[in-house]
Amino acid sequence: MSALTQSDRMVSSHLSRRAPRVPFLTTWVARSVRVALLWQHRHRTRTQLKQLPPHLLRDVGLTEDDARIERTKPFWRP
């Protein structure tokens with residue numbers, strides 16, 4: 001996951017805090033949950049992006065084309 005956005009990094013770092021040594025299955029489950037929560041976050045923010053009017057898109061520094069490109073990405077793509 002080298003191409004993470006700043007928002008993705010914040011969510012990922014928040015979710016990555018875990019005990020120093022855990023069994024393989026627990027680690028796998030924790031990573032799976034972290035990925036699912038990251039995907040959920042991307043889906044939610046891209047859905048919200050669809051609802052922003054043009055003047056608010058300009059406030060956050062996006063053009064309508066930028067917003068269209070971002071909201072058409074699948075949730076698993078950063």
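Values reported hereafter were calculated over all heavy atoms of this structure, with side chains retained and with hydrogens, waters and symmetry mates removed. This structure is a prediction, so every number in the text was calculated from the model and none was measured.
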Peer 1: Pair up each side-chain donor or acceptor in residues 46-58 with any protein partner under 3.5 Å, not counting sequence neighbours, and list the distances.
Peer 2:
unit_1: Arg46; atom_1: NE; unit_2: Glu70; atom_2: OE2; d: 3.0
unit_1: Arg46; atom_1: NH1; unit_2: Pro74; atom_2: O; d: 2.7
unit_1: Arg46; atom_1: NH1; unit_2: Arg77; atom_2: O; d: 3.1
unit_1: Arg46; atom_1: NH2; unit_2: Glu70; atom_2: OE2; d: 3.0
unit_1: Arg46; atom_1: NH2; unit_2: Arg77; atom_2: O; d: 2.7
unit_1: Thr47; atom_1: OG1; unit_2: His43; atom_2: O; d: 2.8

Peer 1: Evaluate the side-chain proximity of Pro78 to Arg42: yes if any heavy-atom separation is below 4.5 Å, no if none is.
Peer 2: yes
Peer 1: Checking one residue: Ile69. Which other hydrophobic residues are in its cluster under the side-chain 4.5 Å linking rule?
Peer 2: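 In the cluster with Ile69 there is nothing else; it is isolated.
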Peer 1: What verdict does the side-chain contact (heavy atoms from CB on, under 4.5 Å) test give for Arg31 and Val35, after you've listed the backbone C-alpha separation in whole Å, the side-chain angles of each residue and the deciding distance to 0.1 Å?
Peer 2: CA-CA 6 Å; Arg31 286 181 183 171; Val35 168; 5.5 Å; no
Peer 1: Check ring pair (Phe, Tyr, Trp, His ring centres under 6.0 Å) between Trp39 and all other residues, then give those that pass, not counting sequence neighbours.
Peer 2: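 Applying ring pair (Phe, Tyr, Trp, His ring centres under 6.0 Å) to Trp39 gives Phe75.
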Peer 1: With Thr63, which residues qualify under side-chain hydrogen bond (donor to acceptor under 3.5 Å, both in side chains), at least two apart?
Peer 2: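 Partners of Thr63 by the side-chain hydrogen bond (donor to acceptor under 3.5 Å, both in side chains) criterion, ordered by chain and then number, come out as Asp66.
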